[in-house]
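These notes are about the structure you will find just below.
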Amino acid sequence: MTEETGRPIAARIGRAGMGERLGGFIYGTIVVLAVLVAGARAYAHAAGHIAGLVAAASGALWLAHVYAHALASSDASREHLSRAELRQIARREASILEAAIPPVAALLLGSIGVVSTRVAVWIAFALGLIVLAAQGIVFARIERLGVIGTIGVVLANLSLGVLLVGLKLLVTH
């Protein structure tokens, strides 16, 4: 809830806005998991480097999304984009960046020696899978799906993450 409106954030954003942000979270999480696969292979003993790769990839993809949506919006309206419109697009697409926060935090724990790099990578993967499951639940609630629908969406999200975990195992072992 917010103090100024007393309404939940989801109610203020609206269904379409939640859907767009949810899409960015799912996309961002899958990208993070894919970069973890490559990073774990390239930097098996350097969690900080892997965190840097995840952050850089997420940042680059966020910029690409902002740029592409800005061009599309400008073309569709046949007008130059205002700074306010560009900021709105950047905020909407920020969910791609936000999806990287939990895994990067886990990797940073590895980089400062709280856990080993190997453990940090697995924690980052686990957090990514948890986020994918939570995103499936959020989607199911927005869509008012029943138990079977919710399980189906969660399993679909998790299957993408598990596929990437399997790829990590194949690539790094």
Side-chain angles (χ1 to χ4, degrees), residues 9 13 16-75 81 83 85-139 153-173:
I9 292 171
I13 293 174
M18 284 293 290
E20 289 174 347
R21 294 210 21 94
L22 186 62
F25 273 112
I26 292 169
Y27 178 77
T29 302
I30 292 167
V31 165
V32 165
L33 292 174
V35 173
L36 274 170
V37 169
R41 172 77 172 156
Y43 301 105
H45 302 290
H49 281 81
I50 302 168
L53 280 175
V54 169
S58 296
L61 287 169
W62 171 75
L63 282 173
H65 273 253
V66 171
Y67 178 72
H69 286 284
L71 289 181
S73 180
S74 180
D75 186 51
L81 214 57
R83 287 180 192 209
E85 291 168 318
L86 184 60
R87 278 192 302 273
Q88 180 183 6
I89 292 168
R91 272 193 304 272
R92 183 185 69 222
E93 298 301 322
S95 56
I96 293 170
L97 294 172
E98 294 162 3
I101 293 171
V104 166
L107 292 166
L108 291 176
L109 290 176
S111 73
I112 62 172
V114 174
V115 296
S116 69
T117 295
R118 184 172 184 256
V119 169
V121 167
W122 283 111
I123 292 171
F125 265 112
L127 290 171
L129 292 175
I130 290 167
V131 168
L132 284 174
Q135 292 159 348
I137 292 168
V138 168
F139 174 79
V153 171
V154 170
L155 288 176
N157 274 12
L158 285 175
S159 68
L160 292 170
V162 169
L163 178 68
L164 289 165
V165 170
L167 180 60
K168 182 211 176 293
L169 289 170
L170 182 70
V171 168
T172 59
H173 288 90

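Interatomic distance, CD1 of Ile96 versus OG1 of Thr29, reported as 10.0 Å (0.5 Å rounding). Between the CD1 atom in Ile130 and the CD atom in Gln135 there is a gap of 12.0 Å [rounded to 0.5 Å]. Annotation: the span from Ile101 atom CD1 to Leu108 atom CG amounts to 11.5 Å, rounded to 0.5 Å.
Considering all non-hydrogen atoms of both residues, Ala47 and Gly110 come closest at CB-C, 3.7 Å. Annotation for Leu36 and Ala124: closest pair CD1-CB, 3.8 Å, computed over non-hydrogen atoms. For the residue pair Ala120 and Ala106, the shortest heavy atom distance occurs at CB-O, 3.5 Å. Scanning all heavy atoms of the two residues, the minimum distance from Leu33 to Gly128 falls at CD2-CA, 4.1 Å. Scanning both residues, Leu127 and Pro103, for their nearest heavy atoms gives CD1-N, 4.5 Å. Considering all non-hydrogen atoms of both residues, Ile89 and Ser73 come closest at CD1-CB, 4.2 Å.
Counting heavy atoms from C-beta on, the side chains of Ile26 and Ile30 come closer than 4.5 Å.
The salt bridge (Lys or Arg N to Asp or Glu O under 4.0 Å) check on Glu85 picks up nothing, with sequence neighbours excluded. The ring pair (Phe, Tyr, Trp, His ring centres under 6.0 Å) search around Tyr27 returns His65, not counting sequence neighbours. Every residue was checked against the ring pair (Phe, Tyr, Trp, His ring centres under 6.0 Å) condition with Phe139, not counting sequence neighbours, and none meets it. Legend: residues meeting side-chain hydrogen bond (donor to acceptor under 3.5 Å, both in side chains) with Gln88, ordered by chain and number and at least two apart, are absent.
Counting only distance, with no hydrogens or angles, the side chain of Ser74 and the backbone of Ala70 share no donor-acceptor pair below 3.5 Å. With hydrogens and angles disregarded, a donor-acceptor distance shorter than 3.5 Å links the side chain of Trp62 to the backbone of Ala90.
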Listed pairs under 3.5 Å, donor-acceptor, residues 48-58 side chains, sequence neighbours left out:
residue: Ser58; atom: OG; partner: Val54; partner atom: O; Å: 2.9

Output a table of donor-acceptor pairs, distance under 3.5 Å, between side-chain atoms of residues 154-163 and any protein atom two or more places apart or on a different chain; print 'none' if there are none.
residue: Asn157; atom: ND2; partner: Leu132; partner atom: O; Å: 2.9
residue: Ser159; atom: OG; partner: Leu155; partner atom: O; Å: 3.4
residue: Ser159; atom: OG; partner: Ala156; partner atom: O; Å: 2.7

